[in-house]
Visitor: 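Got a structure for you, written out below as structure tokens; questions coming shortly.
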There are 2 protein chains.
Amino acid sequence: MTNPKPYNPNDYDRPSVTVDVVLFTILDGTLQVLLIKRKLDPFAGQWAFPGGFVRITESLDDAAYRELQEETGVAREAVYLEQLYTFGDPDRDPRMRIITVAYFALVGADKIPQLRSGDDAADARWFSAYNPPPLAFDHSEILAYAITRLRYKLEYSAVGFQLLPETFTLRELQQAYEIVLDEKLDKRNFRNKLRKADVVEPTPHFRDSGGRPARLYRFKADAVAEVKTRRLFP
Amino acid sequence: MTNPKPYNPNDYDRPSVTVDVVLFTILDGTLQVLLIKRKLDPFAGQWAFPGGFVRITESLDDAAYRELQEETGVAREAVYLEQLYTFGDPDRDPRMRIITVAYFALVGADKIPQLRSGDDAADARWFSAYNPPPLAFDHSEILAYAITRLRYKLEYSAVGFQLLPETFTLRELQQAYEIVLDEKLDKRNFRNKLRKADVVEPTPHFRDSGGRPARLYRFKADAVAEVKTRRLFP
DNA sequence: TACTGATAGTGTGACAATAACACTATTCCA
DNA sequence: TGGAATAGTGTTATTGTCACACTATCAGTA
């Protein structure tokens, strides 16, 4: 980007740039990730994240939203999306140099009616994020990184709500946290802290669940949902 | 990255890819960032981060280390470096589409003997990170993001030591934290917490500093220097 | 040699956050 | 109407955080 070399990118072979989107949801009590079956080589028949080449006039974010829309039908407004990391190992694609900007995305299970976990005929399917099929390219590495980021964000922000439908019971919310963090949480502490954080509000509706019906809550739109980190030093 | 479109990147104009490195140190009691004066248009005469095109056979990290070495003489072993974020707005460079993978780097002030703050003749100079000169491209935005990341990392990891010489007094360490976080810290609390974190060890040497000499410490190589974040939910 | 200026170094107590823990309430169904 | 199933609620012990002030050691100088 600077001197003293003359500034002419054509002096170099140029890598290609793609975006790949790791889209999570919670479905059937597990964390699921959306994968698409590759039809062509390399890795034909294997599964990969939705993604594709960045167009010359669109931003990286736009490219990610566009690929998500094109390949999975998930609308821009329905997802939480943020840049994850850029993977650029020279031989991550066996044919040519491709640098991919990976994105991390969350969607509520109610926003994706057309896809069904277990529908093997489809090109696009949800898979367990912890037990995915063999993935193309370096997508296993990307998935591991995305899961780490998800856990991490869950602890200090309120993105977790993006994994749930618009309204949810407190039990469903707690289970979502337990599924992602892979640990059991205490019901009373969870609710106490939730109350203090002031990020959900009750709706007048209830969900039947075999016993006493549970009140449905929604995420408070105006909630400031970050938390101070505990400092290593004061 | 996937189907069903035929997989041929030459169908699209390709963006170019660069790396840019935001290198920080602490010098003369302030947080400083290394900038290089551009000789050519666009933005000739303005300042920019060290960086350049990613070669077709090198990884992104390697490109960042290489540019740092080439443009500033800072050796790979002497710096802490991590990927920051990828900036890819279509018009961030006025001439053509350039996507840049920004890196974030820290170096101890003792590792850079050849550069001097205030030496205006040089191509490469240290500037106050909080009061930089006008920067080329979107580098102001990148700098702001890097400072945010630096503050953030300081709070839950031990990267702060990378900003100091090999050995340092506890006062110098505290001042480094105060400079970066831009707030005053309590001496006793700082030392108490440092003791509990168990990340530094005393050396047998002292530094003269006008009054009672201060013991020099070094960072413990085996220190596990992450801290649990305070959770939004238990 | 003792006094002064300058910086190094050390501990405690009040307050806030966290974590462990068990019972009552409401609904459905047999 | 009693039992199965799930919802919902508060208190206490422990731990972490934060505010706060004095003694120690060195250099220089009267």
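Letters A, B, ... are given to chains in the order of the sequence lines, protein chains preceding strands, and every chain is numbered from 1. Side chains included, hydrogens not; waters and symmetry mates left out as well; all remaining heavy atoms used.
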Visitor: From the options dA19(D), dG10(D), dC21(C), select the nucleotide whose nearest atom is closest to the side chain of D186(A).
Guide: dC21(C)
Visitor: Polar-atom pairs under 3.5 Å, protein N or O versus N or O of nucleotides 27-30 of chain D: list them with distances, or write none.
Guide:
none

Visitor: Once you round it to whole Å, what is the distance between P of dT18(C) and CD of E155(A)?
Guide: 12 Å
Visitor: Would you please confirm or rule out a distance under 4.0 Å between OP1 or OP2 of dG9(C) and any side-chain N or O of R215(B)?
Guide: no
Visitor: Tell me: CD of Q174(A) to P of dT9(D), nearest whole Å?
Guide: 14 Å
Visitor: Measuring from the side chain of R195(B) (C-beta onward, heavy atoms only), which nucleotide among dT12(C), dG8(D), dT10(C) has the closest atom?
Guide: dT10(C)
Visitor: May I have the distance from K196(B) (atom NZ) to dC18(D) (atom P), rounded to whole angstrom?
Guide: 11 Å
Visitor: Atom CZ of F190(B) and atom C1' of dT17(D): how far apart are they, to the nearest Å?
Guide: 16 Å
Visitor: Identify all pairs in which a protein N or O lies below 3.5 Å from an N or O of nucleotides 22-24 of chain D, and state each distance.
Guide:
from, atom 1, to, atom 2, distance (Å)
dA24(D), N3, R212(B), NH1, 3.2

Visitor: Distance check needed: dT10(C) P versus L194(B) CG, whole Å only.
Guide: 11 Å
Visitor: Assess whether a salt bridge exists between K37(B) and D123(B), defined as any Lys/Arg side-chain N lying under 4.0 Å from an Asp/Glu carboxylate O.
Guide: no
Visitor: Do Y103(B) and D61(B) get their side chains close enough for a donor-acceptor pair, meaning under 3.5 Å?
Guide: yes
Visitor: By nearest heavy atom, map R188(A) and A214(A) onto DNA chain D; which one lands nearer the 5' end?
Guide: A214(A)
Visitor: Side chains of residues 158-171 of chain B: which donor-acceptor pairs under 3.5 Å do they make with residues two or more places apart or in other chains?
Guide:
from, atom 1, to, atom 2, distance (Å)
T169(B), OG1, E172(B), N, 3.1

Visitor: Test the R125(A)-F127(A) pair against the cation-pi criterion, namely NZ or CZ under 6.0 angstrom from the six-membered ring centroid and within 45° of the ring axis.
Guide: yes
Visitor: Tell me the salt bridge (charged side-chain N to carboxylate O under 4.0 Å, His left out) pairs involving residues 156-165 of chain B, sequence neighbours left out?
Guide: none
Visitor: Determine the interplanar angle of the Y152(A) and Y156(A) rings, folded into 0 to 90°, and report it as parallel if under 30°, tilted if 30 to 60°, perpendicular if over 60°.
Guide: perpendicular
Visitor: Output yes when E155(B) and R151(B) qualify as a salt bridge under the 4.0 Å nitrogen-oxygen rule, no when they do not.
Guide: no
Visitor: Going by the rule ring pair (Phe, Tyr, Trp, His ring centres under 6.0 Å), which residues pair with Y217(B) if we only count those two or more places apart in sequence or in a different chain?
Guide: none
Visitor: How many whole angstroms separate atom CG of N189(A) from atom P of dA19(C)?
Guide: 7 Å
Visitor: Tell me the interatomic distance from F206(A), atom CZ, to dT6(D), atom C1', rounded to whole angstroms.
Guide: 14 Å
Visitor: Can you sort out the partners of Y85(A) under ring pair (Phe, Tyr, Trp, His ring centres under 6.0 Å), two or more places apart, ordered by chain and number?
Guide: F87(A), Y145(A)
Visitor: In whole angstrom, what separates N192(A)'s CG from dT9(D)'s P?
Guide: 10 Å
